[in-house]
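Everything numeric in this text was worked out from a predicted model, so none of it was measured.
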Amino acid sequence: MPLTLRPITIGERVWIASGAFIGPGVEIGDGAVVSATSSVFKSVPSYKIVRGNPAIVIASRSLSD
């Protein structure tokens with residue numbers, strides 16, 4: 001089985017909690033949150049909160065300075 005090497009892209013102001021798995025080629029958008037022990041196989045849009053296996057969007061968030 002060949003090794004899959006694709007970059008993982010993580011945006012700014014992102015929080016990835018403990019034990020989360022991010023698959024090859026996935027992009028995590030700016031301000032996104034990945035919950036603990038989630039498995040992310042598809043890209044996460046900006047300012048979304050995901051959780052689960054496979055990870056799904058559960059909420060949106062906004063940031064204020």
Side-chain angles (χ1 to χ4, degrees):
M1 200 167 177
L3 179 62
T4 302
L5 299 173
R6 291 184 292 171
I8 296 170
T9 305
I10 300 173
E12 295 183 17
R13 302 178 92 177
V14 170
W15 180 50
I16 300 174
S18 176
F21 171 82
I22 311 296
V26 169
E27 295 182 18
I28 309 294
D30 293 340
V33 174
V34 178
S35 296
T37 71
S38 295
S39 297
V40 183
F41 300 104
K42 295 181 180 178
S43 293
V44 177
S46 295
Y47 302 101
K48 299 295 181 185
I49 302 170
V50 299
R51 74 171 179 198
N53 181 10
I56 59 170
V57 174
I58 60 163
S60 295
R61 66 188 295 239
S62 61
L63 298 177
S64 59
D65 290 328

Problem set entry | From CZ (Phe21) to OG (Ser39), nearest 0.5 Å | 7.0 Å
Exercise. Transitively linked via ILVMFWY side-chain contacts under 4.5 Å: Val33 with Ile58?
Worked result: yes
For this session: State yes or no: do Val57 and Ile22 share one hydrophobic cluster built from I, L, V, M, F, W and Y residues joined by side-chain heavy-atom distances below 4.5 Å, directly or via other members?
Result: yes
For this session: Would you give the length of the straight line joining atom CH2 of Trp15 to atom CD1 of Ile28, rounded to the nearest 0.5 angstrom?
Result: 13.5 Å
Problem set entry | Backbone N/O of Ala20 and side chain of Thr37: donor-acceptor pair under 3.5 Å | no
For this session: Using modelled atom types only, decide if a donor and an acceptor are shared between the side chain of Ser46 and the backbone of Asp30 within a distance under 3.5 Å.
Result: yes
Problem set entry | Taking every non-hydrogen atom, the tightest pair across Gly52 and Ser38 | N-OG, 3.2 Å
For this session: Would you confirm whether Ser35, through its side chain, and Val50, through its main-chain N or O, come within 3.5 Å as a donor-acceptor pair?
Result: yes
For this session: Write down the atom of Ala36, the atom of Ala17, and the distance for their closest heavy-atom approach.
Result: N-CB, 3.3 Å
Seminar exercise, completed: Here the pair of heavy atoms bringing Arg6 nearest to Pro24 is NH2-O, 3.4 Å
Exercise. Got a donor-acceptor contact below 3.5 angstrom from the Arg61 side chain to the Gly31 backbone?
Worked result: yes
Problem set entry | Single hit among Ile8, Ile16, Val26, Ile56 for side-chain contact (heavy atoms from CB on, under 4.5 Å) with Val40 | Val26
Problem set entry | Single-linkage hydrophobic cluster Val34~Ile49, side-chain heavy atoms < 4.5 angstrom | no
